[in-house]
Amino acid sequence: MSRIAYVNGRYLPHREACVHVEDRGYQFADAVYEVCEVFDGKIVDMTRHLDRLGRSLSELSIVWPVSRAALERILREVVARNRVTNGLVYLQVSRGVAKRDFTFPAPGTKSSLVVTSRSIQRDVSMKVTEDGIRVTTTPDIRWQRVDIKTTGLLAQVLAKEGAKRAGAKEAWMFDKEGYVTEGGSSNAWIVTADGTLVTRPAESGILKGITRAAILDFAGREGIKVDERPFTVEEAKGAREAFVTSATGIVSPVVQIDDAVLGNGRPGSIASDLRRRFHEGVELLPVRAY
Ligand code: PDD
């Protein structure tokens, strides 16, 4: 079955889905994005993702390309047209098309909207659960507004490529003091000896992950202790467990950080449990309920 993408008002076969050469997303990374998980034919936590999109847009003074209600319909339509039951849906909004100039284009320039969706194979996600992942560490060289989910991801591209070459799945970035900020495309967590979940506060140096928020909610409901504080690479290497969270990987147990093997080198029981039960409390929006 051929894949379908939405581009500025049209549903197109993937190979015909193009944006203009002077789209500001293409030229300046003047664009923001969201990725939602699709689980069992339902979009996970769409409300929270669109809330965060609204914040990213407003921080950069980019206007909504369509109304929020229309965008919700488009997301569901793209998932449905691609027959994705388990996978993800991606949306990107750029400031639009204009002659290349650093300053904002004329008021009234329409922002661009692209939406795609694809399946993720069950065996890939099962392997993460069974084997866990390895992470490498690297200095965080990003700009200071990492709280905005922009498509300016070159630092993460380099970090994750470095991880891949070292045989790892994710790169944990650390700040000048040696504290972990987050993963290239995920939030970072450790579990202390007494079972407390530790993750960096969302106010400094990280993206406020939606999956992170869902885990905090889950922990609150289950009475699991959480400490929102920075932790160093060294502390992480000696932690009882570690894991990363993101819409694409949900909860992925970490079994090795650089050369340090955590515990017995197998996914920890707390991270595994969080992954297994992750969908219990999240918002699940059926794709075909319209
Ligand atoms: N990335 N931190 C960074 C830098 C990220 O890029 C992401 C998500 C997260 C986790 O956020 P959330 O739980 O809302 O997915 C944290 C997406 C999945 C991506 O770029 O593909």
Side-chain angles (χ1 to χ4, degrees), residues 25 29 31-39 43-56 59 75 84 86-93 114-120 124-125 128 133 135-164 169-175 179-190 197 199-219 228 230 242-252 254 271 274-275 278-279 281-283:
V32 299
Y33 76 106
E34 283 294 330
V35 184
C36 303
E37 185 201 3
V38 179
F39 170 73
I43 300 179
V44 176
D45 273 339
M46 184 161 79
T47 303
R48 280 179 157 171
H49 281 281
L50 293 187
D51 287 349
R52 186 172 63 185
L53 175 71
R55 179 180 179 277
S56 296
E59 289 295 309
L75 290 173
V84 172
N86 290 292
L88 57 89
V89 59
Y90 173 89
L91 77 89
Q92 175 174 327
V93 180
V114 170
V115 181
T116 58
S117 182
R118 68 175 168 83
S119 300
I120 293 179
V124 174
S125 51
V128 168
I133 63 163
V135 303
T136 52
T137 59
T138 186
D140 194 334
I141 59 167
R142 298 176 299 164
W143 76 326
Q144 287 172 19
R145 293 307 309 275
V146 295
D147 57 305
I148 306 172
K149 198 162 173 62
T150 82
T151 59
L153 295 169
L154 196 46
Q156 284 108 304
V157 167
L158 298 177
K160 288 182 72 97
E161 178 63 21
K164 185 179 170 191
K169 181 87 182 136
E170 180 60 295
W172 276 9
M173 300 174 286
F174 55 83
D175 64 19
Y179 289 98
V180 174
T181 52
E182 58 186 332
S185 58
S186 58
N187 288 118
W189 302 69
I190 57 170
L197 308 185
T199 195
R200 188 176 172 109
E203 288 66 41
S204 70
I206 67 164
L207 180 76
K208 199 170 184 177
I210 303 304
T211 321
R212 177 185 178 282
I215 293 293
L216 292 176
D217 289 352
F218 183 88
E228 285 189 74
F243 61 93
V244 297
T245 55
S246 75
T248 44
I250 326 171
V251 179
S252 302
V254 172
L274 289 172
R275 183 182 176 91
F278 176 74
H279 296 103
V282 297
E283 177 196 64

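Predicted model, so just to flag it, every value in this text is computed and none were measured. No hydrogens, no waters, no symmetry mates; every other heavy atom, side chains included, goes into these values. Whatever order the structure lists ligands and atoms in, that order sets their numbers, starting from 1.
The closest approach between Tyr90 and ligand 1 stays at or above 4.0 Å for every heavy atom of the residue. Within the 4.0 Å heavy-atom shell around ligand 1 one finds Gln156. Contact analysis leaves Glu34 out of contact with ligand 1, as no non-hydrogen atom separation drops below 4.0 angstrom.
For Tyr90 and Tyr33, the ring centers sit closer than 6.0 Å to each other.
By the 3.5 Å distance cut-off applied to N or O atoms, Arg142 is not counted among the residues near ligand 1. An N or O contact shorter than 3.5 Å links Lys149 to ligand 1 by distance. Considering backbone and side-chain N/O of Val35, none are found under 3.5 Å from N/O of ligand 1.
Here the CZ atom belonging to Arg48 is positioned 9.0 Å from the CD atom belonging to Glu283, to the nearest 0.5 angstrom. Put simply, CD on Glu59 and NZ on Lys149 are 15.5 Å apart, with the number rounded to the nearest 0.5 Å.
Using a 4.0 Å cut-off between charged nitrogen and carboxylate oxygen, Asp175 and Arg200 count as a salt-bridge pair. Taking the charged nitrogens against the carboxylate oxygens, Arg142 and Glu182 do have a contact shorter than 4.0 Å, which makes a salt bridge.
Contacts of Thr199 classified as side-chain contact (heavy atoms from CB on, under 4.5 Å), with partners at least two apart in sequence or in another chain: Trp189, Arg212, Glu228. Remark: Ala171 pairs with Thr136, Thr138, Ala159, Ala163 by the side-chain contact (heavy atoms from CB on, under 4.5 Å) rule, at least two apart or across chains.
Atom numbering of ligand 1 starts at 1 in the shown order; those under 4.0 Å from a heavy atom of Thr248 are 18 (C). Listed by atom number, the atoms of ligand 1 under 4.0 Å from Glu182 heavy atoms are 2 (N), 3 (C), 4 (C), 16 (C). Residue contact check: Arg52 has heavy atoms under 4.0 Å from atoms 11 (O), 14 (O) of ligand 1. Listed by number with element, the atoms of ligand 1 under 4.0 Å from a non-hydrogen atom of Tyr33 are 6 (O), 19 (C), 20 (O).
The shortest side-chain heavy-atom distance between Ile210 and Val282 does not fall under the 4.5 Å cut-off.
Across Gly183, Ser186, Gly209, Gly184, heavy-atom proximity to atom 16 (C) of ligand 1 is greatest for Ser186.
The nearest protein atom to atom 13 (O) of ligand 1, hydrogens excluded, is given as Thr211 OG1, 2.6 Å; this is a heavy-atom distance. The protein heavy atom nearest to atom 12 (P) of ligand 1 is Ile210 N, 3.5 Å. Closest to atom 6 (O) of ligand 1, if we only count protein heavy atoms, is Ser185 CA, 3.4 Å. Looking from atom 15 (O) of ligand 1 to the surrounding protein, the closest heavy atom is Ala247 N, 2.8 Å.
Of the heavy atoms in Asn187, both backbone and side-chain atoms come closer than 4.0 Å to ligand 1. With a 4.0 Å heavy-atom cut-off, ligand 1 is reached by the backbone of Thr245 but not by any atom from C-beta on.
A donor-acceptor contact closer than 3.5 angstrom links the side chains of Ser186 and Glu170.
Screening Val89, Leu75, Ile43 for a side chain to side chain contact (heavy atoms under 4.5 Å, CB included) involving Ser117 leaves a single residue, Val89.
When all heavy atoms of Val84 and Val38 are compared, the closest pair comes out as O-CG1, 3.8 Å.
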